[in-house]
Amino acid sequence: MTLDALSPNYFTILDADHPAFRYVGRIDQTDPKAPVLIYPGSYIEVFFSGDSIAFRIEDDGKGGGNYVGYLIDGKEGSFFCRLREKDAVYIAQEDLQPGWHKLTLFKRTDGCHGYIVFKGICLPKGGQISPVPAPARRIECYGDSVTAGCVNMTYGMERQLDGPNQGEYDNAWYSYAAILARKLGADIHNNAQGGTSLLDGYGFFDNGEGLVGMERMYTMMGYVAYCGPCTAWDFSRYSPQVVTIGIGQNDGSTYADIAADPKAKENWKAHYKAVLKGLRTQHPDAYILLFTTVLMHAPIWDDVLFEIAEEMQDDRIIAYRVRGAGQITPGHPRRREMEAQAEDLYQWIQTLPIPW
């Protein structure tokens, strides 16, 4: 339905600029009444009172459409945003017990599916909202489709190639990055995009201006040109204690045998180190963790990360080989495989002297 179909006699409309809403992720809040969710897993948290709730969300209609997920008191639901429908309202729950509840609303899909605009929520008349406290721990994650949680909800297809998918099987909430954040009790900025390589001009992600790699995307907030202007990210808005980088699999599509091409290898390392230097400038005290994922790829990509970490001569830049790196699946990791990688990373991070 649309907003004008709701009776003001029965509903309280709370706009997106209400101070109780907590926004987590690289979210464009230029218009406080219409924050734009771009990245996978960007989320909004709030406590609300009442026995029902509806969301006011618009899809920009420029990327094929987005799936949105939500949790109410831990119970998960999802819906597909109707393209280009203004003042759209999605009724999420109508049978809640009276009293207070916790809402987490998140973007399941990555930026290539387009952006969504959050306008606020609708509650029964007299409904109220209250802020959810922010945790002290913060992580920031960079990567490709694995980090974004693409195709991870195809149950029964573990260790198989992917089937057809238009975003319905993508769920950033169950990416290894998001699972890791919850294990750590941390907020997360998941700055991943399917198809991304390290280098501009390689990989599979075309943002409308050409193939874009992490070396440019890590500095950006709006990064999909066909969805609007590409904009710079203000790093002062978020200071993580841990940064993870899970990149390299898509570069392998270009440098199939990087070990046999010393010039290509040194070029890739130089660009990777330039990104690390840039991140170090922005996050002078953060631990920066380098790894790949369980998606099949040549071992050289993990070997190179250890070389890079050593050459950086920074004791807070550390490479790690996750259990089953490059060996587990020829398709995207499914939820159970994501959980295994998250647990592996969690156990490793617990051994590091991170000043949380």
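A quick note: this is a predicted structure, and the numbers were derived from the prediction, not measured.
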- Query: How about R216 and C230: do any of their side-chain heavy atoms sit closer than 4.5 Å?
  - Reply: no
**Request:** Determine, using the 4.5 Å side-chain heavy-atom cutoff (strictly less than), whether F306 and L276 are members of one ILVMFWY cluster.
**Result:** no
- prompt: Do the side-chain N and O atoms of Q282 and Y218 include a donor-acceptor pair separated by under 3.5 angstrom?
  reply: no
Residues F205 and C112: closest non-hydrogen pair is CE1-CB, 3.8 Å
Sorted by chain and residue number, the side-chain contact (heavy atoms from CB on, under 4.5 Å) partners of E343 (sequence neighbours excluded) come out as K183, Y346, Q347
key: Verdict with supporting geometry, Y142 and T196, side chain to side chain contact (heavy atoms under 4.5 Å, CB included)   = CA-CA 10 Å; Y142 297 92; T196 302; over 6 Å; no
CG of L295 to OG1 of T329, rounded to nearest 0.5 Å, is 6.5 Å
**Request:** Take R56 and D15 through the test side chain to side chain contact (heavy atoms under 4.5 Å, CB included) and record every step on the way to the result.
**Result:** CA-CA 9 Å; R56 296 172 56 203; D15 292 332; 3.1 Å; yes
Those residues at least two apart in sequence (or on a different chain) that pass side-chain contact (heavy atoms from CB on, under 4.5 Å) with A20 are H18, V46, I129, P131
Salt bridge flag under 4.0 Å for residues E266 and K269: yes
Problem - Test item: L279 and E140 side chains (from C-beta on) under 4.5 Å apart, heavy atoms - result: yes
Notebook entry, point to check: Side chains of Q249 and T293: donor-acceptor distance under 3.5 Å anywhere?
Noted result: yes
ask   = What do you reckon, is CZ of R323 surrounded by more than 12 foreign heavy atoms closer than 6.0 Å?
value = no
task = Evaluate the side-chain proximity of D170 to V151: yes if any heavy-atom separation is below 4.5 Å, no if none is.
result = yes
One should read off an interatomic distance between K119 NZ and I13 CD1, to the nearest 0.5 angstrom, of 11.5 Å
- Query: Below 4.5 Å, heavy atoms only, C-beta onward: do I188 and Y43 meet side chain to side chain?
  - Reply: yes
With sequence neighbours left out, the residues meeting side-chain hydrogen bond (donor to acceptor under 3.5 Å, both in side chains) with R182 are none
Residues at least two apart in sequence or cross-chain that pass ring-ring contact (aromatic ring centres under 6.0 Å, His included) with H271, listed by chain then number, are none
So CD1 of I57 and CZ of F79: to nearest 0.5 Å the spacing works out to 4.0 Å
### Message
Is it the case that the side chain of R22 and the backbone of E45 share a donor-acceptor pair, with hydrogens and angles ignored and the cut-off at 3.5 Å?
### Response
no
In this structure, OH of Y23 is separated from CZ of R237 (nearest 0.5 Å) by 11.5 Å
(message) Assess the residue pair Y223 and Y39 against the criterion (ring pair (Phe, Tyr, Trp, His ring centres under 6.0 Å)); give the C-alpha distance rounded to whole Å, side-chain angles, the decisive distance to 0.1 Å, and a yes or no.
(response) CA-CA 9 Å; Y223 65 94; Y39 286 87; 4.9 Å; yes
**Message:** If hydrophobic clusters are built from ILVMFWY residues whose side chains come within less than 4.5 Å, do Y320 and L352 share one?
**Reply:** yes
- Are F235 and M220 connected in a single hydrophobic cluster, I mean Ile/Leu/Val/Met/Phe/Trp/Tyr linked by side-chain heavy atoms less than 4.5 Å apart? yes
Can you check whether M338 reaches V294 side chain to side chain, under 4.5 Å on heavy atoms?
no
- side chain to side chain contact (heavy atoms under 4.5 Å, CB included) evaluation trace for H297 with D302: CA-CA 9 Å; H297 60 267; D302 300 274; 2.9 Å; yes
Output for pair (T147 OG1, M214 CE), nearest 0.5 Å, gives 9.5 Å
Are F47 and V24 joined in one hydrophobic group, where the rule is that I, L, V, M, F, W and Y side chains link up if heavy atoms are under 4.5 Å apart? no
Does atom CD of Q97 have more than 12 heavy-atom neighbours from other groups under 6.0 Å away? no
Does R108 reach the side chain of M153, with side-chain heavy atoms less than 4.5 Å apart? yes
- request: Would you please say whether a donor-acceptor pair under 3.5 Å links the side chains of S42 and R26?
  value: no
*Is it the case that one hydrophobic cluster holds both L211 and L198, taking links as side-chain heavy atoms less than 4.5 Å apart, direct or via other members?*
no
- Derivation and outcome, side chain to side chain donor-acceptor pair (under 3.5 Å), residues R334 and T154: CA-CA 7 Å; R334 316 308 174 188; T154 48; 3.1 Å; yes
Margin query: Within the 4.5 Å heavy-atom criterion, are H332 and Y169 side-chain neighbours or not?
Written below: no
Result for side chain to side chain contact (heavy atoms under 4.5 Å, CB included) between T109 and one of I116, N171, L37, N66 points to N66
Validation row: N250, Y202 side chains within 4.5 angstrom (heavy atoms) = no
Return all side-chain donor-acceptor pairs below 3.5 angstrom for residues 67-74, not counting sequence neighbours, or 'none' if the list is empty.
| from | atom 1 | to | atom 2 | distance (Å) |
| --- | --- | --- | --- | --- |
| Y70 | OH | A92 | O | 3.3 |
| D73 | OD1 | K102 | N | 2.8 |
| D73 | OD2 | H101 | ND1 | 2.7 |

Residues at least two apart in sequence or cross-chain that pass side-chain contact (heavy atoms from CB on, under 4.5 Å) with P355, listed by chain then number, are Y287, R316
**Request:** Look at the rings of W348 and F291 and say which category their plane angle falls in: under 30° parallel, 30 to 60° tilted, over 60° perpendicular.
**Result:** perpendicular
